[in-house]
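Have a look at the structure below, then the notes.
A, B, ... follow the sequence lines: proteins, then strands. Residue 1 opens every chain.
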4 protein chains.
Amino acid sequence: MEGDEVTDMAERPPRRRADAQRNEKTLLDAAAAAFVASGIEAPVRDIAARAGVGVGTVYRHFPTRADLVVAVYRHQVEACAEAGPACLANATTPYAALARWIDLFVDLLVTKHGLAAALRSDDTQFDALHSYFLDRLLPVCSQLLDAAAGSGEIQADLAAYELLRGVGNLCIGAESDPRYDARRLVGLLIAGLRQPGGPAEVPAEPGQQADKPG
Amino acid sequence: MEGDEVTDMAERPPRRRADAQRNEKTLLDAAAAAFVASGIEAPVRDIAARAGVGVGTVYRHFPTRADLVVAVYRHQVEACAEAGPACLANATTPYAALARWIDLFVDLLVTKHGLAAALRSDDTQFDALHSYFLDRLLPVCSQLLDAAAGSGEIQADLAAYELLRGVGNLCIGAESDPRYDARRLVGLLIAGLRQPGGPAEVPAEPGQQADKPG
Amino acid sequence: MEGDEVTDMAERPPRRRADAQRNEKTLLDAAAAAFVASGIEAPVRDIAARAGVGVGTVYRHFPTRADLVVAVYRHQVEACAEAGPACLANATTPYAALARWIDLFVDLLVTKHGLAAALRSDDTQFDALHSYFLDRLLPVCSQLLDAAAGSGEIQADLAAYELLRGVGNLCIGAESDPRYDARRLVGLLIAGLRQPGGPAEVPAEPGQQADKPG
Amino acid sequence: MEGDEVTDMAERPPRRRADAQRNEKTLLDAAAAAFVASGIEAPVRDIAARAGVGVGTVYRHFPTRADLVVAVYRHQVEACAEAGPACLANATTPYAALARWIDLFVDLLVTKHGLAAALRSDDTQFDALHSYFLDRLLPVCSQLLDAAAGSGEIQADLAAYELLRGVGNLCIGAESDPRYDARRLVGLLIAGLRQPGGPAEVPAEPGQQADKPG
DNA sequence: AATGAATGAGATTTCATTCAT
DNA sequence: GATGAATGAAATCTCATTCAT
């Protein structure tokens, strides 16, 4: 992702002060840490303190909290979005690709503590964040869902929006609770998708009903 | 002069004043409404205003916010807990009973706006609420899970805690988002439970575990 | 028994806590002092400190700054407004009544330091204050102007609004500058009103005729 | 063009860098515009932005806000000061000269939005501005007043300081309020100066001093 | 000289909680 | 018991001013 920077051999574009750039990085790290520790609504002053800068500096770089949150997670979101087509290309079936990609999405949410919280917030202040997430990830998820539906592995009628939201919800609080394995529950959800007759119905097929554990 | 504590020997029935009792009921209704409107963190002042009492009265009845939240939802939680055995008795199979009961649990969470939010909060102030919920509902859920596992309909290895938490998470925000149908996703999750090979397994094809993008 | 009941009638109206009432008075005094010292924009925190209360108390009593300013000066404004008809009744001529009333208005502005400043401010936050002043004093001033015009002592075409604003302006800063006598300048302004032919015109009297601007 | 300012590049002597000089002019224009738009307390950043320079540049040229304000209005103040003797030379009487000059002074204040505000401010930061104004204009006004007093057209006892301050005050807010005509009120003030009996006196009628309301 | 990033004091406002009445 | 006034700790955001580049 940082590879983009190498293209400019000269300093043509409006040169940024070195300390400003350092600060931005420091701020993003500090904000990420603060989000983990205090949630997405961590006081600006705390973030500034963690970064060792004044509050004004935070506001200069990120005028709104949403700007900050988006910036904190942009790299990961981008990587996740770009992984979608790769999953499709490499997996044995579209359904496997979907499962794999959802797994990456779960990684994103679980390891970046505040993210799931940010997504669930209905504070209008985070609308921009919601939009960004959906803009970037909905198309990817849609493509995978469509492919899996096209191959007949899953039903066709689950919207990508709903799936993303559900997976996002399942990941809330996962990082702080050792008794809760979000990845496993997401796995159940994805497995549920594969039910031919819909979630509430039992398929009348031999071989799917009789296996009894132990 | 009046009401020295020691004069109690007459053993008057420790009855609460009628108005105090009325207030408690009024307060619970008001709090429930406030939670729906503004979420679980609704200002105490709002709740008092809705109830037509002073804030002091709220604090007298419910010293902490958690006390209030627990009280608000106690009835519903009790009813849900008690429905567990009934489901088991009436359903055709243990798995069906589980599905039915989970459905009731979803009702509880989705219709009582603030509840899912309260459960997801990791504010230590809500620990009491968490405890109450788990104390009351975990055994019920466990029983249902065990029964379904015993009948061979599902795998045995999902903890009731994890299931409740997952379903609770899936219900977050369901009231306010018409594009998100929590009930449907919970259905997928429960359906996933029934998968023969376990949630993490996809149809037996060689190499499918190894698919990695890039 | 009967003795107990007598106090009841006295406490009918919505009882205010004694300290609240005391606080309100203290706050008004503190605000008045702060306005004198730091102008109408004195920090709320300063006002609270002067009054020996917390900032929250200020906001409880006076939600907006304009509320506070209006309250601080309400007594004086009311008294001034009510003096208008009295002036008219007691003075020898309508013009004398006008002059007398304007004098009272100047008293109001000059002795209450911040007032003129508040009136001149074009911060929209003070619109309510402007409105209050105009609502209350414009009609009074109009009546006096009309009477003086009716008696032929002054021209009829000066709007009360303009006169009040002009006098208000002349009073700005008067309390802090010993070299500036607002009362005197207002006197000149009122004297100028009496010119039969309008301010720029010279009455046909010997020795006053030849003035032409530049 | 600013060609007046010696554009000859032949000039060797320790001249200021051309861009610095250009900046100064640009800054003055920008500041004037900002004062009109936002008043004399316009944020430094706004001024810098209007001028297309950094805030540091503003501070380099004008270390204090007062320096900037003085510089912005210096040309006009000089012109006004120099117009005094001219008025006296051209008018038919000293009083007419005074009236004419005051008119020019009003022009200065009314058309240069922020100026009256700057003059009225009692912020010590503007002391330099006050001094500059008085230094430059008081002597001029004094001369005109003295002449008019000498010719018997007005009383001798109004200090130039008081007159300037009064006129200045009358001009406050005149630009933004269509219902308020500062020029007209100043006209009344000047007319009042001509009253034979002095400003405080009303037409000789018995008992008129004693009128009191109530 | 010019730039604009950084600083941090200060202003406003909200609420949970206490406590006088 | 009930009331709601008082409190003051946050939290946000704005700018004047300094200073690294």
Side-chain angles (χ1 to χ4, degrees), chain A residues 14-24 27 41-49 51-61 63-65 125, chain B residues 3 16-21 23-24 41-49 51-61 63-65 125, chain C residues 11 14-24 27 41-49 51-61 63-65 125, chain D residues 16-24 27 41-49 51-61 63-65 125:
Chain A
R15 197 162 43 88
R16 302 197 59 195
R17 266 169 54 168
D19 61 339
Q21 204 153 13
R22 234 179 298 119
N23 264 341
E24 183 142 336
L27 267 174
E41 316 247 19
V44 172
R45 192 175 301 274
D46 284 3
I47 298 170
V53 303
V55 289
T57 303
V58 181
Y59 280 99
R60 163 172 289 271
H61 286 274
T64 74
R65 182 180 293 273
Q125 154 171 65
Chain B
R16 311 182 53 192
R17 272 169 47 171
D19 60 339
Q21 206 153 17
N23 266 341
E24 187 143 333
E41 315 248 17
V44 174
R45 192 175 301 274
D46 284 3
I47 298 170
V53 303
V55 288
T57 304
V58 180
Y59 278 97
R60 166 167 293 272
H61 286 274
T64 74
R65 182 181 293 270
Q125 135 174 86
Chain C
E11 298 192 336
R15 196 162 43 87
R16 302 197 60 197
R17 267 169 55 169
D19 61 339
Q21 205 153 12
R22 235 179 298 121
N23 264 342
E24 183 142 336
L27 267 174
E41 315 246 20
V44 172
R45 193 175 299 273
D46 285 2
I47 296 171
V53 304
V55 289
T57 304
V58 180
Y59 279 97
R60 164 170 288 273
H61 286 273
T64 73
R65 184 180 292 272
Q125 156 171 63
Chain D
R16 308 181 54 195
R17 269 167 51 168
D19 60 340
Q21 205 154 17
R22 233 179 301 119
N23 267 341
E24 186 143 333
L27 268 173
E41 315 249 17
V44 174
R45 191 175 302 273
D46 283 4
I47 298 170
V53 303
V55 288
T57 305
V58 180
Y59 280 97
R60 165 168 294 272
H61 286 273
T64 74
R65 182 181 293 270
Q125 137 175 84

Kindly point out which of [options] is positioned nearest to the side chain of [X]?
X     : options                : result
B:P43 : F:dA11, E:dA16, F:dA2  : E:dA16
C:H61 : F:dT18, E:dT12, F:dA6  : F:dA6
B:V55 : F:dT17, F:dC13, E:dT18 : E:dT18
C:V53 : F:dT7, F:dT3, E:dA6    : F:dT7

Least distance between heavy atoms, [X] atom then [Y] atom:
X     : Y     : result
C:A48 : C:V58 : CB-CG2, 3.7 Å
D:L27 : D:H61 : CD1-CD2, 3.9 Å
C:V44 : C:R65 : CG2-NH2, 3.8 Å

Between [atom2] of [N] and [atom1] of [X], the distance in whole Å:
X     : N      : atom1 : atom2 : value
A:E41 : E:dC15 : CD    : C1'   : 15 Å
A:R22 : E:dG4  : CZ    : C1'   : 16 Å
B:I47 : F:dT3  : CD1   : C1'   : 17 Å
B:D46 : E:dC15 : CG    : P     : 8 Å

(message) Using a 4.0 Å heavy-atom cut-off, does A:V44 contact any base of the nucleic acid, only the sugar-phosphate backbone, or nothing at all?
(response)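 Sugar-phosphate: the residue A:V44, judged by heavy atoms under 4.0 Å, touches backbone atoms but no base.
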[N] phosphate, OP1 or OP2, under 4.0 Å from [X] side-chain N/O:
X     : N      : result
C:R65 : E:dT12 : yes
B:N23 : F:dG1  : no
D:R60 : E:dA1  : yes

Can you work out whether C:V58 or B:G52 has the more 5'-proximal nearest nucleotide on DNA chain F?
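Whichever sits nearer the 5' end wins; that is B:G52.
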Sorted by position of nearest nucleotide on DNA chain F, 5' first, the leading residue of C:G56 and A:A42 is C:G56
Assign each of B:Y59 and D:R45 the nucleotide of DNA chain E bearing its closest heavy atom; nearer the 5' end lies the nucleotide of D:R45
Its dot-bracket string being built from Watson-Crick and G-U pairs below 3.5 Å, with | for another strand and [ ] for crossing, DNA chain E has the pattern .||||||||||||||||||||
